[in-house]
Asker: 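The structure is given below, and queries will be raised subsequently.
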Amino acid sequence: MEITDAKPDDIPSKLKPLMAAFTASPFHAAPERKAEMERLRDKYGIRIQLKGDAKDWLFEEFRIFELNRIFIGLRSLERLWAYCYAYTTITTELQKAGGEFADIENHDEFQLAFNLLDWASQERLEDREGEWPNTLPDPSHSDGLEHVKAANHFFLMTSGRLLLHEFAHTVLEHHTAQGTSPEILKREEFEADAWADAWMLDKWRDYKTDEKVFIGRCMGIAFAHAPSLIFGIDRQAASESHPSPIQRIVSFIDRHLPGGNPTDKRLVDLPCAFLLVLAGHLLFTKQKPFEWQPLPPTYKELFTRLEPYFP
């Protein structure tokens with residue numbers, strides 16, 4: 001099943017309430033640049049094509065002749081929403097409890113987050129047991145669960161960032177030919193990351209001068225690195241076409257969040273702290289010991305120490 005220019009009613013998924021906003025997410029990731037994005041979309045004829053039967057992670061750009069498409073797997077989007085909900089809930093509840101599991105107040109939703117993460121984090125999507133279980137949170141539960149609205153927001157911000165990355169490959173005319181060297185492919189991944197991040201962050205003050213806008217967009221970018229961390233921790237060897245998850249995170253920090261100290265707990269460093277929670281949870285669940293102390297003076301140094309675990 002392929003759905004081009006998908007309408008919400010076309011989507012056989014619990015993500016149906018979010019699909020109209022998903023297709024518009026590249027525009028809403030930086031609303032002050034909406035007209036610019038429309039011109040780029042029309043200039044390059046970029047369209048989103050949803051694949052409802054894709055069995056594994058699918059989120060890629062495809063170009064041949066004048067055809068520019070971004071292919072998205074429906075199950076990939078379900079998994080992405082699950083990550084946004086689970087890690088939003090886990091991080092927020094731990095913050096409220098001062099980092100102490102024993103002091104978690106919202107035990108029910110905290111456990112639901114882990115249950116949803118277990119369901120979503122299987123290595124291959126076809127290994128899942130049936131459809132999205134009714135016992136787990138979904139985007140329609142915003143009236144009954146505390147963290148669903150935040151998860152919906154970050155899902156759309158993250159989707160916008162991931163789609164902007166795929167836009168970048170077309171706009172920057174990156175290589176598509178077989179046999180392109182790994183060095184070129186990896187360099188172009190860094191370039192697409194930088195283009196997408198700059199699109200979201202270069203003119204954020206034109207939207208609103210409140211620093212929370214900048215931090216919120218950086219959180220969307222941070223969430224966009226979650227899938228590569230989640231898949232990367234099980235990878236046995238480095239990818240031939242993509243930089244390591246840690247290299248991409250460090251590049252983002254260098255460009256937009258330099259100088260943060262893990263001991264400062266500044267609000268602007270929240271995206272870095274979130275990514276550390278995610279990496280730490282993955283190390284814990286995979287039973288991979290990591291020596292956190294002593295903490296280095298910068299997030300860049302701390303993430304660099306994690307690179308051997310995420311090839």
Asker: Compare every heavy atom of A237 with every heavy atom of P311, then report the nearest pair and how far apart it is.
Answerer: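 So the minimum-distance heavy-atom pair works out to CB-C, 4.2 Å.
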
Asker: How many angstroms lie between CZ in F59 and CG in L80, if you round to the nearest 0.5 Å?
Answerer: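 CG of L80 is found 6.5 Å from CZ of F59.
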
Asker: Evaluate V213 against R217 for side-chain contact (heavy atoms from CB on, under 4.5 Å), listing each step before the verdict.
Answerer: CA-CA 6 Å; V213 172; R217 293 187 186 188; 3.6 Å; yes

Asker: Taking all atoms of both residues into account, what is the closest heavy-atom pair of K51 and L58, and its distance?
Answerer: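 Taking K51 first and L58 second, the nearest heavy atoms are CD-CD2, 3.4 Å.
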
Asker: The test is side-chain contact (heavy atoms from CB on, under 4.5 Å); show your working for I70 and T170 and say whether it passes.
Answerer: CA-CA 10 Å; I70 298 174; T170 295; over 6 Å; no

Asker: Please evaluate residues E36 and R39 with respect to the criterion salt bridge (Lys or Arg N to Asp or Glu O under 4.0 Å), reporting the C-alpha separation (whole Å), side-chain torsions for both, the decisive distance (0.1 Å), and the verdict.
Answerer: CA-CA 5 Å; E36 289 181 78; R39 287 193 292 270; 5.2 Å; no

Asker: List the atom of L302, the atom of P262, and the distance in Å for their closest heavy-atom pair.
Answerer: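 For L302 versus P262, the nearest heavy atoms are CD2-CG, 4.1 Å.
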
Asker: I'd like to know if the side chain of Y309 and the backbone of P289 have a donor-acceptor N/O pair within less than 3.5 Å.
Answerer: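 It does hold such a pair.
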
Asker: Between atom CZ of R33 and atom NZ of K203, what is the distance when rounded to the nearest 0.5 Å?
Answerer: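 Result: 4.5 Å between the selected atoms.
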
Asker: So with a 6.0 Å cut-off around NZ of K14, is the heavy-atom count from everything else above 12?
Answerer: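 More than 12 heavy atoms, drawn from other residues, nucleotides or ligands, come within 6.0 Å of this atom.
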
Asker: Determine whether more than 12 heavy atoms belonging to other residues, nucleotides or ligands lie under 6.0 Å from atom CZ of F114.
Answerer: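 Correct, the count exceeds 12.
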
Asker: Would you say the side chains of E173 and Y44 form a donor-acceptor pair under 3.5 Å?
Answerer: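 No, Y44 and E173 have no side-chain donor paired with an acceptor closer than 3.5 Å.
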
Asker: Working note: L229 + I249, criterion side-chain contact (heavy atoms from CB on, under 4.5 Å); need CA distance, chi angles, decisive distance, verdict.
Answerer: CA-CA 10 Å; L229 281 173; I249 289 169; 3.8 Å; yes

Asker: Looking at every non-hydrogen atom in both residues, tell me the closest pair between M200 and A30 and how far apart they are.
Answerer: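 Heavy-atom minimum between the residues: CA-CB, 4.1 Å.
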
Asker: A side-chain contact here means heavy atoms from C-beta on lying under 4.5 Å apart; do L50 and L77 qualify?
Answerer: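 The answer is yes, as the side chains (C-beta and beyond) meet within the 4.5 Å cut-off.
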
Asker: Side-chain contact, heavy-atom cut-off 4.5 Å: L276 with F303?
Answerer: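 Yes, side chains in contact.
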
Asker: Has T23 got a side-chain atom pairing as donor or acceptor with A20's backbone, closer than 3.5 angstrom?
Answerer: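 Yes; at least one donor-acceptor contact below 3.5 Å.
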
Asker: Transitively linked via ILVMFWY side-chain contacts under 4.5 Å: V171 with I184?
Answerer: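 No, because V171 and I184 fall into different hydrophobic clusters, even though each may have its own neighbours under 4.5 Å.
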
Asker: Given side chains that start at C-beta, do those of M157 and F223 come closer than 4.5 Å, heavy atoms only?
Answerer: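 When only atoms from C-beta onward are counted, F223 and M157 do not touch, as no gap falls below 4.5 Å.
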
Asker: Distance alone, cut at 3.5 Å: any donor-acceptor contact between the side chains of E191 and H169?
Answerer: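 H169 and E191 do not have a side-chain donor-acceptor pair below 3.5 Å.
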
Asker: Any cation-pi pair here, R41 with F27, using under 6.0 Å and within 45°?
Answerer: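 No, R41 does not sit over the ring of F27.
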
Asker: So does N134 have more than 12 non-hydrogen atoms from other groups sitting under 6.0 Å from CG?
Answerer: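 No, CG of N134 has 12 or fewer neighbouring heavy atoms, counting only those of other groups under 6.0 Å.
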
Asker: Would you confirm whether R79, through its side chain, and A120, through its main-chain N or O, come within 3.5 Å as a donor-acceptor pair?
Answerer: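 Confirmed, R79 side chain pairs with A120 backbone.
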
Asker: So, does N68 use its side chain to make a donor-acceptor pair with the main chain of G45 at under 3.5 Å?
Answerer: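 Side chain of N68 to backbone of G45, a donor-acceptor pair under 3.5 Å: no, none is there.
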
Asker: Nearest 0.5 Å, what's the CZ-CD distance between R69 and E166?
Answerer: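 So the gap between those two atoms works out to 14.5 Å.
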
Asker: Would you kindly confirm whether F154 and L145 end up in one hydrophobic cluster when ILVMFWY residues are joined by side chain heavy atoms under 4.5 Å apart?
Answerer: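 In one cluster: yes.
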
Asker: For the side chain of H225 and the backbone of A222, is there at least one donor-acceptor N/O pair under 3.5 Å apart?
Answerer: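 A pair under 3.5 Å: no.
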
Asker: Taking Q247's backbone N and O only, do any of them form a donor-acceptor pair with S251's side chain (distance below 3.5 Å, no angle check)?
Answerer: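 No, S251 side chain to Q247 backbone: no donor-acceptor pair under 3.5 Å.
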
Asker: Identify which one of R161, R187, K186 satisfies the salt bridge (charged side-chain N to carboxylate O under 4.0 Å, His left out) criterion when paired with D193.
Answerer: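 By the salt bridge (charged side-chain N to carboxylate O under 4.0 Å, His left out) criterion, D193 pairs with just one of R161, R187, K186: R161.
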
Asker: Please say yes or no: joined through hydrophobic side-chain contacts below 4.5 Å, possibly via intermediate residues, are F155 and V277 part of one cluster?
Answerer: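 They do not share one cluster, since no chain of ILVMFWY contacts under 4.5 Å joins F155 to V277.
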
Asker: Check for a donor-acceptor pair, side chain of S142 on one end and backbone N or O of K149 on the other, with a separation under 3.5 Å.
Answerer: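 A pair under 3.5 Å: no.
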
Asker: Looking just at side-chain N and O atoms, do H165 and E61 make a donor-acceptor pair shorter than 3.5 Å?
Answerer: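 H165 vs E61: no donor-acceptor pair found between side chains.
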
Asker: Could you state the interatomic distance from OH (Y83) to CD1 (I230), rounded to the nearest 0.5 Å?
Answerer: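 Rounded to the nearest 0.5 Å, the OH-CD1 separation comes out at 4.0 Å.
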
Asker: More than 12 heavy atoms of other residues, nucleotides or ligands under 6.0 Å from OH of Y207: is that the case?
Answerer: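 No - once you tally the heavy atoms of other residues, nucleotides and ligands closer than 6.0 Å, there are 12 at most.
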
Asker: Do other residues, nucleotides or ligands put more than 12 heavy atoms under 6.0 Å from the NZ atom of K43?
Answerer: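 No - once you tally the heavy atoms of other residues, nucleotides and ligands closer than 6.0 Å, there are 12 at most.
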
Asker: What distance do T176 atom OG1 and E188 atom CD have between them, rounded to the nearest 0.5 Å?
Answerer: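 The CD atom of E188 is 9.5 Å from OG1 of T176, to the nearest 0.5 Å.
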
Asker: For H147 and Y85, take the angle between the two ring planes, folded into 0 to 90°, and tell me which bin it lands in: parallel under 30, tilted 30 to 60, perpendicular over 60.
Answerer: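 Perpendicular: the ring planes of H147 and Y85 meet at over 60°.
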
Asker: Should the pair Y87 and H281 be assigned to parallel (<30°), tilted (30 to 60°) or perpendicular (>60°) ring geometry?
Answerer: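 If you compare the ring of Y87 with that of H281, the planes turn out perpendicular.
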
Asker: Grab the two heavy atoms, one from I215 and one from P271, that are nearest each other, plus how far apart they are.
Answerer: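 In terms of heavy atoms, the two residues are closest at O-CG, 4.1 Å.
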
Asker: Kindly determine whether D234 and K286 satisfy salt bridge (Lys or Arg N to Asp or Glu O under 4.0 Å), including the steps that lead there.
Answerer: CA-CA 9 Å; D234 288 323; K286 298 295 182 178; 3.0 Å; yes

Asker: Between K288 and I233, is any pair of side-chain heavy atoms under 4.5 Å apart?
Answerer: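 Heavy-atom side-chain distance check passes, below 4.5 Å.
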
Asker: Could you give me the CA-CA distance, side-chain angles and deciding distance for R266 and E211, then say whether salt bridge (Lys or Arg N to Asp or Glu O under 4.0 Å) is met?
Answerer: CA-CA 12 Å; R266 301 182 306 168; E211 188 184 40; over 6 Å; no

Asker: Look up atom NZ in K208 and atom CD in E32, then write down how far apart they are to the nearest 0.5 Å.
Answerer: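 CD of E32 is found 11.5 Å from NZ of K208.
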
Asker: Under the salt bridge (Lys or Arg N to Asp or Glu O under 4.0 Å) criterion, do R305 and E301 qualify, and how do the steps go?
Answerer: CA-CA 6 Å; R305 282 167 47 183; E301 292 173 81; over 6 Å; no

Asker: Could you walk me through whether W199 and L40 pass the side-chain contact (heavy atoms from CB on, under 4.5 Å) check?
Answerer: CA-CA 12 Å; W199 187 272; L40 283 178; 3.8 Å; yes

Asker: Measuring only between side-chain heavy atoms, which start at C-beta, is V250 closer than 4.5 Å to Y299?
Answerer: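 No - every pair of side-chain heavy atoms lies 4.5 Å or more apart.
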
Asker: Just so I know, are the side chains of L117 and T285 near enough to count as touching, which here means a heavy-atom distance under 4.5 Å?
Answerer: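 The answer is no; the side chains never approach within 4.5 Å.
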
Asker: Would you call the rings of F214 and W204 parallel, tilted or perpendicular, where under 30° means parallel and over 60° means perpendicular?
Answerer: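 Taking W204 first and then F214, their aromatic rings sit tilted (interplane angle of 30° to 60°).
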
Asker: So which atom in H28 and which in P31 form the shortest heavy-atom distance, rounded to 0.1 Å?
Answerer: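 Taking every non-hydrogen atom into account, O-CD, 3.3 Å.
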
Asker: Just wondering, do H256 and I221 contact through their side chains at under 4.5 Å, heavy atoms?
Answerer: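 SC-SC contact between I221 and H256 ruled out.
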
Asker: Report yes or no: do F284 and L94 belong to one cluster of Ile/Leu/Val/Met/Phe/Trp/Tyr joined by side chain heavy-atom distances under 4.5 Å?
Answerer: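 Not linked; separate clusters.
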
Asker: Spell out, yes or no, whether F231 and L116 are grouped together once hydrophobic residues are joined by side-chain heavy atoms under 4.5 Å, including indirect joins.
Answerer: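 Yes; L116 is reachable from F231 via cluster members.
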
Asker: Heavy atoms, side chains only, cut-off 4.5 Å: are F167 and M37 in contact?
Answerer: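 They are in side-chain contact.
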
